[in-house]
Amino acid sequence: MANLWKKQKLKDTGLCRLGILFAVTVSIVLMLVSVPRTALNRTSIGHDDLDDLDKDLEVKLNASLLEVARGNGMSLRLHRRNQFTPRNLDLYPDLAKDRVVIVLYVHNRAQYFRVTVESLSKVKGISETLLIVSHDGYFEEMNRIVEGIKFCQVKQIFSPYSPHVYRNSFPSVTPNDCINKGDEVKTHCDGNPDQYGNHRSPKIVSLKHHWWWMMNTVWDGLEETKRHEGHILFIEEDHFLFPNAYRNIQTLTRLKPAKCPDCFAANLAPSDVKSRGEGLESLVAERMGNVGYSFNRSVWENIHQKAREFCYFDDYNWDITMWATVFPSFGSPVYTLRGPRTSAVHFGKCGLHQGKGDQGDCIDNGVVNIEVKETDKVVNIKEEWGVRVYKHQAGYKAGFKGWGGWGDERDRHLCLDFAAMYRSGSSSESP
């Protein structure tokens, strides 16, 4: 009888211990489930994370910002976000050695952005590379679109110097800014007019500022790309990529040294944005376009050496600035190599920062109808093709004075600061 009692006691004790172990396990699982997502995945960029900033880290990051952004809380948080590792590392732990990194720069046209991201999701080979999304400003809807990307590694960067994250201070509008022609003489306001007498518009100058900040950050600032020697492909939020885009740009960059040693870049589309290509059995060398363009580090070094020319040319457009003053200063024609049929299409109906109107984004009935043929789904560039060179093309050239909008010394100095911020020994020139 005693033995039976002892056996029963041991059985009860074992069941009790098993129950305790089960309860502890359930508690741990519930705790993990309840932990905020940002605590488990620091690559996440949720709204709640905006208010979470360690004091010591704040001091360190603030010191690494340019003077114009110090003390701006939003700039500080965006600067912190730029240090996060890419998303989807668990899905795509390894990148191809011959990868062409893709940089997609955006503002706030969500409808356009969705179309571009959807086209990227169908690009063959996209999972082999890193996609960097560079934001001019912080917008929740744009952020959510990026969070939904699952087809490759993706890293977000946000310009801490975007006028869209400032209030009542440069580079946004300041209370004492000059507004109308002649104000600088009548009221002693802040700002310098452009060559046409007009004063700066923050939402307009941000076009050039974002592009230049992005270039310097991608090539010289990011851990993921600052030692990347190969090509980087640049696209905008209103560029539709065909399924063969990535394989075609890989082919072009591989053929460029032999087929066109004097070419500075490789393009997915003709310089004439309305053209879909000639359809001939030949490669094309022409002036560099602004849709799906790519170049390597040596070309970036050539561009960076012309920072003063870029920053002092009175035009708020980065591409016109490049065509009219930077490229001509290289001393030889700046050609790009492309295929005879486009692999990228510019579908936007309004400028990058015109943004949203009363009817939403400026997009035709909310629908983009771009025909994708079978030849657009496979590599359609042949290695045995020759190269047709287009000389003396129409377009902006040396001697063009610019459209203005870039006459304020504050913008020019900030632009120069972007060129110096990752270069050791360089000094700040902004006020």
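Keep in mind that the numbers below use all heavy atoms, side chains included, and drop hydrogens, waters and symmetry copies.
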request  = Apply the test side chain to side chain contact (heavy atoms under 4.5 Å, CB included) to residues Trp211 and Tyr105: give CA-CA distance (whole Å), side-chain angles for both, the deciding distance (0.1 Å), then the verdict.
outcome  = CA-CA 8 Å; Trp211 189 87; Tyr105 46 107; 4.0 Å; yes
Residues His199, Asp408; criterion side chain to side chain donor-acceptor pair (under 3.5 Å); working and verdict = CA-CA 7 Å; His199 288 281; Asp408 200 303; 5.6 Å; no
key: Intermediate values then yes/no, ring pair (Phe, Tyr, Trp, His ring centres under 6.0 Å), Phe151 and Tyr92   = CA-CA 9 Å; Phe151 49 79; Tyr92 312 99; 8.4 Å; no
Residue pair Ser159 / Val165: nearest heavy atoms and the distance that separates them = O-CG2, 4.5 Å
task = Indicate yes or no: does Arg144 engage Glu147 in a salt bridge with an N to O separation below 4.0 Å.
result = no
ask   = So, Tyr161 versus Tyr166, ring centres under 6.0 angstrom or not?
value = no
request  = Considering only NZ, NE, NH1 and NH2 on the basic side and carboxylate oxygens on the acidic side, decide whether Glu281 and Lys382 come within less than 4.0 Å.
outcome  = no
request  = State plainly whether the residues Glu67 and Arg70 are in salt-bridge range, i.e. N to O under 4.0 Å.
outcome  = no
query = Would you call Arg247-Glu128 a salt bridge at under 4.0 Å N-O?
reply = yes
request  = Applying ring pair (Phe, Tyr, Trp, His ring centres under 6.0 Å), run through Trp219 and Phe295 and close with a yes or a no.
outcome  = CA-CA 11 Å; Trp219 286 110; Phe295 52 85; 5.7 Å; yes
inquiry  = Between the side chains of Arg410 and Asp177, is the shortest nitrogen-to-carboxylate-oxygen separation below 4.0 Å, so that they form an ion pair?
reply    = yes
inquiry  = Check for me whether Arg200 meets the cation-pi criterion with Trp406, that is, NZ or CZ under 6.0 Å from the six-membered ring centre and within 45 degrees of the ring axis.
reply    = no
request  = Establish, yes or no, whether a centroid distance under 6.0 Å links the rings of Trp213 and His209.
outcome  = no
message = For the residue pair Lys208 and Phe310, would you count it as a cation-pi contact if the rule is NZ or CZ under 6.0 angstrom from the ring centre and within 45 degrees of the ring axis?
response = yes
query = Donor-acceptor pair, Asp315 side chain versus Gly404 backbone, under 3.5 Å?
reply = no
ask   = Among Tyr335, Phe330, Phe327, Tyr293, which residue meets the ring-ring contact (aromatic ring centres under 6.0 Å, His included) test with Phe264?
value = Phe330
request  = Before giving the answer on ring pair (Phe, Tyr, Trp, His ring centres under 6.0 Å), spell out for His135 and His107 the whole-Å C-alpha distance, their side-chain angles and the decisive distance to 0.1 Å.
outcome  = CA-CA 6 Å; His135 297 260; His107 177 49; over 10 Å; no
query = Does the distance from a Lys or Arg side-chain N to an Asp or Glu carboxylate O, for Asp94 and Arg99, drop under 4.0 Å?
reply = no
ask   = Do Glu383 and Arg254 sit within salt-bridge range, that is, some charged N less than 4.0 Å from a carboxylate O?
value = yes
inquiry  = Assess whether a salt bridge exists between Arg114 and Glu118, defined as any Lys/Arg side-chain N lying under 4.0 Å from an Asp/Glu carboxylate O.
reply    = no
task = Inspect the contact between Asp238 and Arg109 and indicate whether a charged nitrogen and a carboxylate oxygen are less than 4.0 angstrom apart.
result = yes
